[in-house]
2 protein chains.
Amino acid sequence: MKAKIAVKSTKSDRTRAQILAAAQALFAEHGYQNTTIRDVAARASIDPAMVIRYFQSKDELFARAAAIDLRLPALKASDAGRIGDTLIRHFLEVWEGSGKGMAIMLRSATSNEFAAEKMREVFAKQVGPVIASVGSKSSAARRAGLVSSQLLGLALCRYVLKLPPVVALSREDIVAHVGPVLQRYALDEMSVNRP
Amino acid sequence: MKAKIAVKSTKSDRTRAQILAAAQALFAEHGYQNTTIRDVAARASIDPAMVIRYFQSKDELFARAAAIDLRLPALKASDAGRIGDTLIRHFLEVWEGSGKGMAIMLRSATSNEFAAEKMREVFAKQVGPVIASVGSKSSAARRAGLVSSQLLGLALCRYVLKLPPVVALSREDIVAHVGPVLQRYALDEMSVNRP
DNA sequence: CTTAAAAGTCAACAATCGTTGACAAAAGAG
DNA sequence: CTCTTTTGTCAACGATTGTTGACTTTTAAG
């Protein structure tokens, strides 16, 4: 037995990381059902049995691969005036960064109840509180729902369905168009726009 | 042989309709992959072989079940001022009517390339032209993309993911909140809201 | 009634998938 | 080196799935 206590073998950690990376890439691209243990193993250049050895089951592997943390910044009430801009910039950063969490969830949540529940949880525990921190508590849930519908719709069209006009949008286009809408939703502004 | 020429057997038409109805219900609820031929057959109270007999394959059955027509009304330029309201009311009517087309597509388009392509086609050929009929041609695709992102996001959250705050919204709530946003997107209004 | 076509039933095939257990190679402690 | 633990390989099981072909029942024309 090794003398190491807190740190396990480096080799196994590397393979474990390879499996997880392969799983995340495939889940994000093809969804839960269209990704097989054998696919993950092939991409990680190992034996399918090892995938089960390191993670106990496909469900467990998916749960690990789908861990998602939006890392939303805590907002002060004084940030209310810029919340739309802040939100859309933050999400673009998260979505187009290295994290494939949102794509994984979106690809699977429509036909996998575990993923769907995880999705509801993410928006209840991460988006909800941020919206609640500006404006009245009583309408917070509704405002968070509207914000979520726009954010998820954008991610769906841009990264999953890949609707050409939505893919073609530049980041600044998105900030300019979607930011004000999130602002309106987040603060419950009901007025009609005036050009 | 029967004397009827243009009209085929009534019995076979009824079974065919039963199969299609069962398929639509199951595809809408569980998506393409989670719906098996055997499930459809069981719901239609017939033998699995009959499903293949009436439709040649599962793909063919899905294609028939996923036929979708938004039936968007042609708009006149004079309708521009009400296009947001018109759009959201029309989609609510379609979505919450008997047609399960959108739910079927949303449940499957994230992990089924055929469904995803169908989705792109629907928004290119049905939503795009309506948006193009108001405002400038050059920005029509972008405006249609933004409108689509909000509409699909709303449908996703309300009918598929079932985010509680979005499910709780009344139709009039949706019209009041989302209508103006669609208006803004459809006409490319860039101004910040003023309460 | 006779009979041929239509409608429906049954069992099975071939492929795929998650998962398992037996066994071999490799690595490190003594 | 010896031996134990870790790491990896291989083949296979059992379940599920789309699909097929042979067979039986029903239907209705002649």
Side-chain angles (χ1 to χ4, degrees), chain A residues 1-23 26-27 29-66 107-108 111-115, chain B residues 1-23 26-27 29-66 107-108 111-115:
Chain A
M1 188 185 292
K2 286 190 175 183
K4 299 179 180 183
I5 295 178
V7 182
K8 298 178 89 174
S9 166
T10 306
K11 184 78 182 302
S12 68
D13 280 356
R14 214 181 313 146
T15 15
R16 192 183 171 87
Q18 279 179 6
I19 296 173
L20 201 62
L26 291 175
F27 281 141
E29 195 172 353
H30 303 114
Y32 178 82
Q33 299 245 32
N34 285 322
T35 299
T36 71
I37 296 281
R38 286 172 171 83
D39 289 339
V40 173
R43 179 156 182 143
S45 304
I46 52 151
D47 193 272
M50 293 303 292
V51 178
I52 299 294
R53 216 169 160 79
Y54 278 85
F55 305 83
Q56 295 89 325
S57 67
K58 185 183 179 182
D59 286 333
E60 192 80 17
L61 175 63
F62 181 78
R64 296 283 178 174
R107 286 249 189 235
S108 305
S111 57
N112 182 301
E113 187 50 33
F114 168 79
Chain B
M1 187 185 292
K2 285 192 176 183
K4 299 180 180 180
I5 296 178
V7 182
K8 299 176 88 174
S9 167
T10 306
K11 184 80 182 300
S12 68
D13 281 356
R14 216 182 312 147
T15 358
R16 194 183 170 86
Q18 280 180 6
I19 297 173
L20 201 61
L26 292 174
F27 281 142
E29 194 172 354
H30 303 114
Y32 177 81
Q33 298 246 32
N34 285 322
T35 300
T36 71
I37 296 281
R38 285 171 171 82
D39 289 340
V40 173
R43 180 156 182 142
S45 304
I46 53 150
D47 193 273
M50 294 302 293
V51 177
I52 299 293
R53 214 169 165 76
Y54 278 86
F55 305 83
Q56 294 88 326
S57 67
K58 184 182 179 181
D59 286 332
E60 192 80 16
L61 175 64
F62 182 77
R64 297 283 179 175
R107 287 249 189 234
S108 305
S111 58
N112 182 301
E113 188 49 35
F114 168 80

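Chain naming here is simple, since letters A, B, ... match the order of the sequence lines and numbering starts at 1 in each. Given the structure is predicted, the values throughout are model-derived calculations rather than measurements.
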- Message: By nearest atom, which of the nucleotides C:dT19, D:dG18, C:dG8 is closest to the B:R53 side chain?
- Response: C:dG8
- Task: Could you state the atom-to-atom distance from CZ of A:R16 to P of D:dG8 in whole Å?
- Result: 13 Å
- Query: Would the number of heavy atoms belonging to other residues, nucleotides or ligands and lying under 6.0 Å from CZ of A:R64 be above 12?
  - Reply: no
- Task: Would you indicate which nucleotide in D:dT20, C:dA7, C:dT19 comes nearest to any side-chain atom of B:A49?
- Result: D:dT20
- Spacing of B:D39 atom CG relative to D:dT17 atom P, expressed in whole Å: 7 Å
- Query: If you check the B:I52 side chain, which of D:dT19, D:dT7, C:dC17 turns out closest?
  - Reply: D:dT19
- Closest of C:dC17, D:dT17, D:dT9 to the A:D47 side chain is D:dT9
- Message: Taking the side chain as everything from C-beta on, heavy atoms only, tell me whether A:I19 gets closer than 4.5 Å to A:L61.
- Response: yes
- Message: Taking only side-chain N and O atoms of B:T15, does any of them lie within less than 4.0 angstrom of OP1 or OP2 on C:dA7?
- Response: no
- Nucleotide D:dT16, atom P - distance to CD of B:Q33 in whole Å: 17 Å
- Task: Would you indicate what B:T35 reaches in the nucleic acid, counting non-hydrogen atoms under 4.0 angstrom: base, sugar-phosphate, or nothing?
- Result: sugar-phosphate
- Task: Using atom OH of A:Y54 as one end and atom C1' of C:dT20 as the other, report the distance to the nearest whole Å.
- Result: 17 Å
- Message: How many whole angstroms separate atom CZ of A:R14 from atom P of C:dA27?
- Response: 11 Å
- Message: So if I take every side-chain heavy atom of B:M50 and compare against D:dC10, C:dT9, D:dT19, which nucleotide ends up nearest?
- Response: C:dT9
- Message: So, does A:S12 get its side chain near the phosphate of D:dT7, meaning an N or O under 4.0 Å from OP1 or OP2?
- Response: yes
- Item | Mutual orientation of the aromatic rings belonging to B:Y32 and B:F62 [parallel < 30°, tilted 30-60°, perpendicular > 60°] | perpendicular
- Message: In whole Å, I'd like the distance from the CD1 atom of A:I37 to the P atom of C:dG18.
- Response: 5 Å
- Separation of D:dT16 C1' from B:N34 CG (nearest whole Å): 13 Å
- Determine, step by step, whether B:Y54 and B:S12 satisfy the side chain to side chain contact (heavy atoms under 4.5 Å, CB included) criterion, reporting the C-alpha distance in whole Å, the side-chain angles of both residues, the deciding distance to 0.1 Å, and the verdict. CA-CA 9 Å; B:Y54 278 86; B:S12 68; 3.4 Å; yes
- Scan B:F55 against the nucleic acid and name what it touches under 4.0 Å (heavy atoms): base, sugar-phosphate only, or nothing. nothing
- Query: Between atom NZ in B:K58 and atom C1' in C:dT16, what is the gap in whole Å?
  - Reply: 13 Å
- Nearest-neighbour nucleotide for the B:R38 side chain, D:dG8, C:dA7, D:dT19 considered: D:dT19
- Of C:dC17, C:dT20, D:dG21, the nucleotide closest to the side chain of A:T36 is C:dC17
- Any A:M50 side-chain heavy atom under 4.5 Å of A:T15 side chain: no
